[in-house]
Amino acid sequence: QGRDLIPVLSTGEAAPRFLCSKSNSFSIFQDQAEQFFRSGHTNNWAVLVCTSRFWFNYRHVANTLSVYRSVKRLGIPDSHIVLMLADDMACNPRNPKPATVFSHKNMELNVYGDDVEVDYRSYEVTVENFLRVLTGRIPPSTPRSKRLLSDDRSNILIYMTGHGGNGFLKFQDSEEITNVELADAFEQMWQKRRYNELLFIIDTCQGASMYERFYSPNIMALASSQVGEDSLSHQPDLAIGVHLMDRYTFYVLEFLEEIHPASQTNMNDLFQVCPKSLCVSTPGHRTDLFQRDPQNVLITDFFGSVRKVEITTETVSLDSDLAGFESNLPKDELATEPLKYAEQLPVAQIIHQKPKQKDWHPPGGFILGLWALIIMVFFKTYGIKHMKHIF
Amino acid sequence: MPRPCWARPWCDGGRQGLTLPAVSHYRLFPKALGRLVAALGVQELHLALTQGFWRTRTWGQPPLQAPAGAELWVWFQPTVMDVDKAWKELSNILSGIFCASLNFIDSTNTVTPTASFKPLGLANGTDHHLLRYAVLPREVVCTENLTPWKKLLPCGSKAGLAVLLKAERLFHSSYHSQAVHIRPICRDASCLAVSWELRQTLTVVFDTFSSGQGKKDWSLFKMFSRTLTDACPLASQSKVYVDISPKNKEKELLEVTPTPASVYEAIVQGDKRTYAVYDLLSPSLFNTSRSLNVQLKWKRPQDSSELPTPVLHAQRYVSGYGLQTGEISTLIYNTHPYRAFPVILLETVPWYLRLYVHTLTIITKGKENKPSYIHYQPAQDRRRPHLLEMLIQLPANSITKITIQFERALLKWTEYTPDPNHGFYVSSSVLSALVPSVIAMKDVDVEQSPLFTSLFPSSDGSSYFVRLYTEPLLVNLPTPDFSMPYNVICLTCTVVAVCYGSFYNLLTRTFHVEEPTRGGLAKRLANIIRKFRGVPPL
């Protein structure tokens with residue numbers, strides 16, 4: 001599912017150095033090869049989680065949908081995005097414009113759109129389901145769209161938003177996930193080789209506490225506020241009646257709207273996105289676990305999708321003759337007499353339906369004991385000589 | 001546990017059921033559903049996702065009604081050994097395809113009806129143990145459910161009638177119901193071969209008054225904010241039917257533009273109806289303009305009630321006070337002037353409302369009405385809901401009232417939803433009836449009749465089959481205060497720490513007398529000054 005075509009050039013950092021002395025043109029190819037595979041990932045995934053329920057938390061759903069929109073626009077397909085929304089705002093009876101979620105006042109940008117696929121809805125967004133999605137320990141009957149099928153060459157973007165505190169994030173007003181649990185989940189992902197690099201963005205109050213405990217390699221984390229600070233919302237819309245977005249995600253969305261799939265903007269620009277003058281809180285980031293320099297990490301490494309394309313100039317001819325194909329299909333058997341539709345309300349049949357047979361269970365201990373007692377008392381009073389009359 | 005056929009007294013070992021063809025042509029039929037039907041041995045599948053409630057008394061008889069939330073009922077083929085396992089897998093796979101929380105369907109909300117929900121397609125005998133029915137009344141329907149529904153169509157939403165279906169307009173409505181029906185049907189009139197049919201229906205009720213129009217005139221552009229431009233190239237039939245039936249035998253009450261090429265008259269649901277037909281495949285339709293915008297204008301202002309009262313309609317409500325007991329009442333109205341007919345009522349009540357069947361009363365016209373057939377399956381806590389099915393005879397022109405009392409159970413604290421004060425839903429009850437039609441219906445050729453009349457197979461012309469749903473109920477269960485465990489822990493720990501801590505200190509610490517220290521330099525200087533002032537030293 002994630003394996004795209006690997007071009008003819010060599011893979012990874014182990015470029016064939018023994019060939020570089022041969023000719024100048026080949027070293028150009030080798031540089032291109034190294035640049036091509038600088039990041040080392042072959043597919044991109046995104047897990048976007050909104051953890052808040054109730055109408056007044058409209059802004060958290062709008063946050064998550066804005067990131068979903070940017071990520072889809074930059075190329076990650078729906079099959080590689082796991083979107084978890086804890087409540088439905090678009091078709092909420094209190095929404096004056098149904099099937100829309102706006103991110104800017106005066107209803108400029110509808111981030112819900114017409115082509116949205118929500119994988120985990122409403123009551124399904126729980127801590128257990130979130131951790132199962134991350135670690136891959138999912139019940140076997142889960143459909144594909146609800147799984148994170150990443151491998152060791154996947155770059156994963158994880159975005160979480162909601163209400164949080166020092167060291168925890170609240171899920172749906174009834175349970176919490178702690179930073180220790182999250183760090184352990186990432187370690188499980190690392191040990192099972194479920195990611196190549198991971199970008200973790202969190203937009204909650206005291207968000208920086210959530211990434212304090214990470215200890216697995218190749219994780220970069222961004223948060224909207226430091227410990228002890230609150231993340232604030234951007235602006236209310238008087239027609240809808242609630243705050244539409246949080247400040248940090250609003251400015252991140254503005255920043256992402258400038259990015260296109262071929263941009264070379266790197267992570268250092270993302271770290272500068274919301275200074276204290278605009279955001280009121282101080283956004284933080286953590287890069288010590290990340291092996292590459294953030295200067296060399298492109299935004300599209302995480303927000304966009306890798307498409308390695310091999311261009312060929314050969315022509316491929318399609319078989320236009322389908323007559324043989326049609327005749328190979330199995331012929332259906334014909335019935336001997338005309339079939340008929342079932343009767344919708346067969347009154348006579350219903351009334352005379354056979355009474356449902358009860359399943360026969362062997363008698364339980366109590367019944368057996370009772371009968372044994374009765375028989376014992378009987379033979380005690382009347383004597384054993386009557387037994388021959390019974391049997 | 002599944003028992004083999006020879007151990008089940010009601011299983012006809014010899015009957016194999018219908019031999020259904022394999023689903024293999026995916027040119028038009030979507031592969032996702034085809035593979036599902038083949039892998040799990042499904043004979044019929046009906047899934048409906050609905051937002052809103054159909055108001056039968058003001059809007060008339062619905063063409064096809066569905067209960068609020070998600071409704072799924074499936075007939076499995078007799079070759080399926082473990083029906084419950086197949087049912088669970090089916091609901092999980094459908095939840096992935098339609099982005100709905102159908103994975104919450106389990107044994108606590110699944111029932112096996114014995115008299116209702118007979119197969120709508122071809123069937124050879126009906127063993128009701130192959131049927132499963134479940135409703136999720138709390139399910140929300142939004143754009144993410146409409147998107148995969150549109151993607152199942154061969155042309156998607158790019159061509160044909162589906163270009164009109166934009167989510168922003170469709171969900172701004174009083175009622176929105178989308179459904180998917182898969183069933184085996186006769187391939188042609190002789191009915192010797194079987195084909196699979198996938199039918200997708202979308203029923204929407206727009207409220208022109210609330211969306212700012214003010215008048216009852218409508219047009220496609222006003223409703224959908226776009227017009228039809230062409231037919232889907234893969235379609236063999238693409239038609240728009242507009243109901244222009246004259247009320248009270250008056251003509252010229254309304255005007256439809258553009259002028260329809262043909263008019264179709266039929267008896268639909270016991271009523272004589274006239275339809276204006278626009279065939280998108282006919283080349284003359286798009287001659288003058290590239291788009292088709294059907295408009296309807298009323299010549300005279302209309303008063304409010306023009307729709308005739310439907311013959312059968314029902315209402316359900318919960319009564320009682322407090323959080324201990326209550327009563328569910330269902331009222332069924334038969335407004336036919338002289339004909340009586342039977343109706344099957346199916347009620348599914350969750351296990352946490354404990355029904356008392358000895359309080360079940362059915363009263364018609366002041367007298368008790370004994371049902372001809374009752375099937376009651378009591379609930380098992382946390383395993384199975386209540387199932388009550390009754391076949392009741394409704395006399396002509398009467399109101400039947402069915403009441404049953406219940407008691408509310410206390411749930412374990414982990415079983416409450418994150419928003420328990422919203423209440424808990426009881427799914428709609430289902431009424432299935434063969435309603436006698438006022439006008440006799442002729443046997444119509446199935447090929448010629450429009451698609452919206454051919455879902456329910458009709459056996460004779462004197463009655464038509466209708467399936468109605470009542471309102472879902474919202475009951476409050478006794479809800480604990482979820483912040484109390486935290487409060488209790490804080491309070492108890494404080495009390496224990498203060499009392500026990502003090503006692504521990506008193507009993508285990510040894511006390512020494514502390515010699516006053518000489519003090520530092522500053523203290524000695526201060527003491528000298530104080531001695532001079534005559535104040536006691538520090």
Side-chain angles (χ1 to χ4, degrees), chain A residues 53-54 83 85-92 97-100 110 112-124 126 139 141-147 171-175 329-330 332-347 349-354 356-357 359, chain B residues 8-10 18-19 21-22 24-25 51 88-89 92-93 95-97 99-101 103-104 114-115 118-124 126 138 140-144 147-148 166-168 170-172 186 190-194 342 344 372-373 375 391 416-419 432-434 456-457 459 465 482:
Chain A
R53 176 165 274 277
F54 305 122
L83 179 62
L85 297 180
D87 200 1
D88 169 62
M89 299 303 168
C91 291
N92 196 309
K97 290 216 143 204
T100 57
N110 174 17
Y112 199 55
D114 214 20
D115 184 16
V116 61
E117 205 180 276
V118 181
D119 302 303
Y120 285 85
R121 301 216 285 182
S122 182
Y123 298 133
E124 289 174 288
T126 56
S141 51
T142 320
R144 261 184 99 98
S145 57
K146 289 185 170 174
R147 292 180 190 238
F171 265 69
Q172 292 211 48
D173 211 21
S174 67
E175 47 183 5
L329 294 164
D332 296 322
E333 333 175 340
L334 293 176
T336 42
E337 43 178 58
L339 304 156
K340 40 190 197 348
Y341 289 97
E343 226 187 289
Q344 291 301 301
L345 200 71
V347 177
Q349 189 203 359
I350 290 170
I351 294 177
H352 296 116
Q353 233 171 17
K354 275 192 285 217
K356 197 166 69 85
Q357 310 272 353
D359 285 340
Chain B
R8 287 182 277 186
W10 53 86
L18 222 41
T19 36
S24 50
H25 291 232
Q51 178 200 54
K88 186 92 186 110
E89 274 187 41
N92 275 318
I93 295 174
S95 85
I97 296 177
C99 291
S101 315
N103 47 318
F104 284 141
T114 55
K118 295 289 178 206
L120 288 177
L122 294 171
N124 197 0
T126 55
R138 187 74 168 104
V140 172
V141 180
C142 209
T143 313
E144 65 257 19
T147 310
K166 291 297 170 198
E168 281 180 19
L170 286 180
F171 286 101
H172 200 80
C186 300
S190 65
C191 212
L192 289 172
V194 183
I344 299 182
S372 339
Y373 170 79
H375 172 72
L391 179 66
Y416 286 97
T417 53
D419 52 351
S432 319
L434 275 173
F456 294 115
S459 47
F465 180 75
F482 292 101

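Chain letters run A, B, ... following the sequence lines, proteins first and then strands; every chain starts at 1.
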Contacting moiety of [X], where chain A heavy atoms sit under 4.5 Å:
| X | result |
| --- | --- |
| B:L391 | side chain |
| B:Y373 | side chain |
| B:A100 | both |
| B:F465 | side chain |

Original post:
Heavy atoms, side chains only, cut-off 4.5 Å: are A:P139 and B:N92 in contact?
Top reply: no
**OP:** Before accepting this row, confirm whether a basic side-chain N of the pair A:D88/A:R121 lies closer than 4.0 Å to the acidic partner's carboxylate O.
**Re:**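 Result for this pair is no, no salt bridge flagged.
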Report which part of [X] has an atom under 4.5 Å of a heavy atom belonging to chain B: side chain, backbone, both, or neither.
| X | value |
| --- | --- |
| A:K340 | backbone |
| A:Y120 | neither |
| A:D119 | neither |
| A:S141 | both |

Subject >> Contact winner vs chain A - B:P342, B:S190, B:P119, heavy-atom pairs under 4.5 Å >> reply: B:P119
**OP:** Heavy-atom pairs under 4.5 Å with chain A are the metric here; pick the option from B:S95, B:G121, B:S432, B:P148 that has the most.
**Re:** B:G121
**OP:** Anything under 30° is parallel, anything over 60° is perpendicular, the rest tilted; go ahead and classify B:F104 against A:Y123.
**Re:**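 Correct class here is tilted.
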